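Structure first, commentary second.
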Amino acid sequence: MNNTNQKTKIIAFMAPAMILIVLFYFAPAIMAFLYSFTDKALVGITSKNYHFTGIQNYVKMFKDPRFIESLINTIVFLLFSAVIGQQVLGFILAQLMQKQSKFIQSIVGLAVLLGWVTPEVVVSFVFFAFFNTTGSLNSFLGLFGVAPKAWLFDYAMVAIILANIWRGTAFSMLMFQSALAGIPQEAREAAWLDGVGRFQMLTKIIIPIIKGSIVTNTTLVTLQTIGLFGLIYALTGGGPGYDTTTVPIYMYQKSFVAYQLGYGTAMAIILLLFGICLSLIYMKSLKHEL
Amino acid sequence: MKKIILAALIALVSFSVFGNGQTDENGGTTLKVVYKEPGGNEAMTKWMTQAKADFEALHPEVTVELSANLSNEADYNTKSALMLQSDSSIDVVHVDSFLVPALVSSGLLAAIPTENWSEYDEQFVQGVKDGMLMNGSTYAISFTTDTRGLYYNIPVFEKAGLPVPFAPETWDDVLEAVEKLNAAGIEYPMWLNGSKAQGEGTTMQTFEMLISGTGDWIYEDEKWVASAPGITSSLEFLQTLHDMGIYSNTELATMLDAQSWQVLNEKFPKTKEVGILLDGNWKGGDFKGYEDILDITPMPREKGNGFTSMSGGWTMGISEMSENKELALEFISVACNKENILKFVGISGDMSTRKDVAADEGYIADGLYRAKMTPFAEFTNFRPGVDAYPSVSIEIQAAVESVITGQMTAEEAAAQYASNIKDLVGDGNWIEK
């Protein structure tokens, strides 16, 4: 078989996938990027005759107090639910499960995984049923004479953070389980013999060894969480007020409820850049000592 | 040989990617009708299915394809607007009346030659016909309309020592009743839509029902009103409710939830925990069988001198991209004939736009609230049919929510509304009063 023939074959087999990727991923992404510099609306005169408005959408965005609020909400949500919540809980679970029997491992593993395999909207309904004013949490607390509270109203951010931790911890747990399993037994034994305590074992031996996994995991959970829409939308709808409105929720409101597509796509671009920046920062940190 | 197979494969893939499925399997014409099915009693689907059968009996060569969209109002509006821009197979589409002008200005709806349809001229109420007239052409056929007012709970009023029938003449009369209901320990002295999650309901059933009773309005002389005494006093009405302390946070969370209407259907007629409800005539459909318990009264203007109401409704339009515009109009005329509309509103509880249906004895007897609320049309108001309305509506919802939840005072919310409206519509498109 000659070289040209081989090349044709490669191209031919890759063509369907490439066509699909270009058509359904790159083309819309480029369109979104271009729309972000226009005043395009979903309906109305400017849906057809839209104009190039330069960076006006971007200027407007950073003057828009609600966008700033939604950005802060996104960061709070990301930090507490994913970067800290899911990872710390996932790590603790992975660490604790190491020394347990197969039976306990599979029971705990299954329980945690259930959250991960449950569809987002179902998770929302489960948590809604839990936090609702007539929900199971208030019913339970009522047994001890505690008056019902409006959890989704007074502690809305906490509620969505808890829901996301419950849903996403399994992913971090699995990542850390495989990372911990990769630590050579000799390393632990040597440290043990040198009289290293439990805490030092963690900070001086385990964490430095699995540093790569931590960074990879942080990057992945960040990207999964930053664009999270369904869970928050179904649980609080971004409310009360703008208390749980993250950038994806605000973007949806502006694009599909207020019909300002141009402004909405500009937010999408900023969100994309935000995700890329965070990933780069994580990658950079890999090169430094923890 | 291999090369030929590869080339064929590539061709096949590209066809499936680029080709569009316009061809008709039977060679006949297909008429596609897109509508919103909110679920529940499936009145819409029953109506459309009947219209399809009637139409196909008249035109055996045509197949009517029904496309039901099981979604809420906001999502349906977005979805249908997107479909009209990209899907050329759509012929007839159901559109919320307030969205019609925006769709027309984007060139998505075709002008409807109603002169070929004598019944339209004779039987449809003039007010709704005028509303769908743009640049001298009709762009949508209104098949339902609605009005809004104050429902009240007779046993609850009696418990609070308030006289029935309840006939408030000013906002103060309403607030006074609320205060007494609150003093009598009624959980929800006044129930209303008040959050962004409740969408257009908050704008139309609450804010616009208030401001339309002041001397001001949100859109005057083709400019958006950024600030006016009426905007502030409407928000002050809501602040008064908040300041009276009639809602605990638990109650607010319940009332302001997007699905709260289900809770309301329990709490208002059955468990009698609600005194007054500000809502539309379609709620009467949920209150059937409770006519002895719940009654309705028109919403008074701020300082008296009559009453106010808001009206909207649903329409059928024809897609600009449709290749069967004549058939589409014929389908609409079959669906909107007296018999079909009578059956439809009999199930849905909606208010008809046809004079002969409105005069039908069965129609009148079937919906007591609807019959009592039909005269509200005399003093009703319509939303501005302008592109920017959906965006302005969100600002209204945000203002209402921040006041009713106590996050802002009426004045703070009015000031923020003013600055947001100015940003939103741009210089030259707003006024201050």
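Residue numbers begin at 1 in each chain, while the letters A, B, ... track the order of the sequences. None of these values were measured; they are calculated from a predicted model.
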* Structure fact -> Shortest non-hydrogen pair, Arg66(A) vs Ala398(B), comes out as NH2-CB, 3.7 Å
* Select all residues of residues 417-426 of chain B having any heavy atom within less than 4.5 Å of some heavy atom of chain A, and report them by number, or 'none'. => Asn420(B), Leu424(B)
* **chain B contact via Lys254(A) - side chain, backbone, both or neither, heavy atoms under 4.5 Å** => side chain
* Just wondering, do Tyr259(A) and Ile394(B) contact through their side chains at under 4.5 Å, heavy atoms? -> no
* Select one option (side chain, backbone, both, neither) describing which atoms of Tyr252(A) are under 4.5 Å from chain B's heavy atoms. => side chain
* **Which portion of Gln85(B) sits near chain A, non-hydrogen atoms under 4.5 angstrom** => side chain
* Structure fact -> Between Thr78(B) and Phe256(A) the two heavy atoms that sit nearest each other are OG1-O, 2.7 Å
* Structure fact -> Okay, Tyr50(A) and chain B: the region with an atom under 4.5 Å from a heavy atom over there is neither
* Structure fact -> So, the part of Glu395(B) with a heavy atom under 4.5 Å from chain A: the answer is side chain
* Count the heavy atoms of every other residue, nucleotide or ligand shown that sit under 6.0 Å from CZ of Phe229(A), and state whether that count exceeds 12. => yes
* **Ring-face cation contact, Tyr242(A) with Lys196(B), 6.0 Å cut, 45° max** => yes
* Select one option (side chain, backbone, both, neither) describing which atoms of Leu152(A) are under 4.5 Å from chain B's heavy atoms. => neither
* So with a 6.0 Å cut-off around CD of Gln56(A), is the heavy-atom count from everything else above 12? -> no
* Is the backbone N or O of Thr254(B) less than 3.5 Å from a side-chain atom of Thr133(A), with the two atoms forming a donor-acceptor pair by type? -> no
* Would you say Ile55(A) has more than 12 foreign heavy atoms packed within less than 6.0 Å of its CD1? -> no
* **More than 12 heavy atoms of other groups within 6.0 Å of Phe382(B) CZ** => yes
* Asked: Would the number of heavy atoms belonging to other residues, nucleotides or ligands and lying under 6.0 Å from CD of Glu222(B) be above 12?
  -> no
* Under a 4.5 Å heavy-atom cutoff, which of Asn77(B), Leu103(B), Leu108(B), Leu256(B) has the most pairs with chain A? -> Asn77(B)
* Asked: Where on Gln397(B) is there a heavy atom nearer than 4.5 Å to chain A: the side chain, the backbone, both, or neither?
  -> neither
* Per-residue contact mode, Asp243(A) against chain B (heavy atom under 4.5 angstrom) -> side chain
* Asked: When rounded to the nearest 0.5 angstrom, what is the spacing between CG in Asp257(B) and CZ in Phe128(A)?
  -> 4.5 Å
* Asked: Do you know which two heavy atoms are closest between Ser391(B) and Gln260(A), and how far apart they sit?
  -> OG-NE2, 3.2 Å
* Asked: Taking every heavy-atom pair that is under 4.5 Å apart, which of Pro148(A), Ala150(A), Ala147(A), Pro240(A) has the most such pairs with chain B?
  -> Ala150(A)
